[in-house]
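Structure record follows, encoded as structure tokens.
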2 protein chains.
Amino acid sequence: MTALPKRQQNRILRERRILDAALVVFSQKGFVSASMDDIAAEAGLTKPTLYQYFPSKDELFTAMMTEERDHMLESFEYPSASGMVAELYAFSWHYADVVLRPDMLNLARLIIGEAQRLPDVGRAYQASGPDRVLAGMIAYLERQRAAGRLVFDDAELAAEDLWGLILSAPRNRALHIPDAVPDRGTIERYIRNGLRVFLRAYSTAPEKDLAALSSLTPPPATATE
Amino acid sequence: MTALPKRQQNRILRERRILDAALVVFSQKGFVSASMDDIAAEAGLTKPTLYQYFPSKDELFTAMMTEERDHMLESFEYPSASGMVAELYAFSWHYADVVLRPDMLNLARLIIGEAQRLPDVGRAYQASGPDRVLAGMIAYLERQRAAGRLVFDDAELAAEDLWGLILSAPRNRALHIPDAVPDRGTIERYIRNGLRVFLRAYSTAPEKDLAALSSLTPPPATATE
DNA sequence: ACAATTCTTAACTCATAAGTAAAGAAATCG
DNA sequence: CGATTTCTTTACTTATGAGTTAAGAATTGT
């Protein structure tokens, strides 16, 4: 009874296809060089049809960004593990897997490249991505502090230290050099070292935590890789 | 006797002006949206004249990037101070002052935004900027290790930890949100905290070094700010 | 002061891309 | 099955920008 008419279903599917195509083409070519003909072709339809769904290139871009922002929010779940160290390790790996995905890097490049022209987009990206993850991490770290496992004055700085330690170098390199996405061994190296520094600086039981870190193994490569 | 004819002097000056204008306009608008008319106007001359100096937009961009790369290399000198902690602090501030300059951030955004289209430019930027600074820092840290002040297994990772700790968060935010260049108090906060974490993790005399850090004050704001 | 060089002005060609219109074909609906 | 809706095809307008030309003005050199 709630089944939509075929026509409406098709409209929803086509809109979906257009937004996906827009993401691909904008990410590859940047806003200006991506043409509406290219995006229509990528979506498997024609430009006049595309214009029936989105009245202008700007509106398509904005809609695509809004959609992607919502998708981004879904990516940052918190893996559960046994113990703070295992949790930090699992999350570091999860975060790395998301952030270093080629499509995510392409999107980041797009946003950074357009940040001057579209300040709201940059702001929205920062709010839905990094700031959101940071807020979650701050809460997590404060819980660990309350449980006596960590000590720090400023939870925000501690959370930012963690990202800086585990992913700053590979991500920056990958942003500058698209071919330079690190392999899993390299990511492991950064994560492990970053967590060591973090635990040495903030843990109330550094020896025990470093030993726990030594026993952890990286997660299997995800199918999306 | 070595004085160049006025004509040659003017050519050199004009070329300089064109490259400066190119940097400004490309940084503000990105490669595609920056027009040769805009750049000529910024340089205070006309498009046909501009084409007398640089045969195409691509070649102007490449020349501008090459020029900027050489400029970048000049920016990363090593301030001298008394003691390792003071040296790290001074350099952290120096690095922050360079990297967070609006024009440097604009250039970084430009490079990141064009990285897919111009992989060589991204590679050259990485090699002349971050990799270069990193190499210097690695050498410095290894000297401190040899002198018994630091302990680490991997100098490269230690050097990357330092950048990640002191500047990763503010720089990323500034890349996404052009208005969000941090004030000096915020930079101080990141640098001080970052160095604390670094010293706690790697110093052979953490208490002493943290005390030394406490006594340091930020450098005066530079005139270029 | 005159000649040579360089720049400016004004106009141009060509290509590209955003956005649009109309007619016919295809898909869906009742 | 005919009516309606939606999409495709084809062609179009307009604007923009890379790159170019020619004539006259300005600058430099001798």
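Each chain gets a letter, A, B and so on, in the order its sequence line appears, and its residues count up from 1.
Nearest to the side-chain atoms of K6(A) among the listed nucleotides dC29(C), dG29(D), dA18(D) stands dC29(C). Of all nucleotides listed (dG17(D), dC29(C), dG19(C)), dG19(C) comes nearest to the side chain of Y51(A).
Between the C1' atom of dT6(D) and the CD1 atom of I18(A) lies a distance of 13 Å, rounded to the nearest Å. Taking atom CG on L13(B) and atom P on dT6(C), their separation rounds to 15 Å, with Å as the unit. The distance from atom CZ of R11(A) to atom C1' of dA27(C) is 14 Å, rounded to the nearest whole Å. Rounded to an integer number of Å, the gap from Q9(A) CD to dT5(D) C1' is 16 Å. One atom, CD1 of I39(B), and another, C1' of dA18(D), lie 11 Å apart when rounded to the nearest Å. Here the P atom of nucleotide dT16(D) and the CZ atom of F31(A) are 15 Å apart, to the nearest Å. Atom P of nucleotide dT16(C) and atom CE of M36(A) are separated by 19 Å, given to the nearest angstrom. Spacing between atom CD of E15(A) and atom C1' of dC7(D) amounts to 16 Å, rounded to whole angstrom units.
A40(A) comes within contact range of no nucleotide atom at all, as no heavy-atom separation falls under 4.0 Å. Residue Y53(B) is classed as a sugar-phosphate contact, given heavy-atom separations below 4.0 Å to backbone atoms only.
At dT28(C), one or more side-chain N or O atoms of N10(A) fall inside 4.0 Å of OP1 or OP2 (strictly under the cut-off).
A salt bridge links R184(A) and D97(A); the closest N-O separation between the charged side-chain nitrogens and carboxylate oxygens is under 4.0 Å. Ionic pairing of E156(B) and R189(A) is present here: one or more N-O contacts between side-chain nitrogen and carboxylate oxygen are shorter than 4.0 angstrom. In summary, D20(B) and R17(B) do not engage in a salt bridge, as defined by a charged side-chain N under 4.0 Å from a carboxylate O. Of the charged side-chain nitrogens involved, none lies within less than 4.0 Å of a carboxylate oxygen, so that R109(A) and E114(A) do not count as a salt-bridged pair.
Put simply, the side chain of R7(B) and the base of dT27(D) share a donor and an acceptor less than 3.5 Å apart.
Ring planes of W163(B) and F91(B): tilted class, angle from 30 to 60°.
With hydrogens and angles left out, the side-chain atoms of Y202(A) and Q144(A) include no donor and acceptor closer than 3.5 Å.
Because its NZ or CZ atom is both nearer than 6.0 Å to the ring centre of Y53(A) and within 45° of the ring axis, R11(A) counts as a cation-pi partner of that residue.
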Restricting to nitrogen or oxygen on both sides, can you table the protein-nucleotides 8-13 of chain D pairs closer than 3.5 Å?
unit_1: dT8(D); atom_1: OP2; unit_2: T46(A); atom_2: N; d: 3.4
unit_1: dT8(D); atom_1: OP2; unit_2: T46(A); atom_2: OG1; d: 3.2
unit_1: dT8(D); atom_1: OP2; unit_2: T49(A); atom_2: OG1; d: 2.6

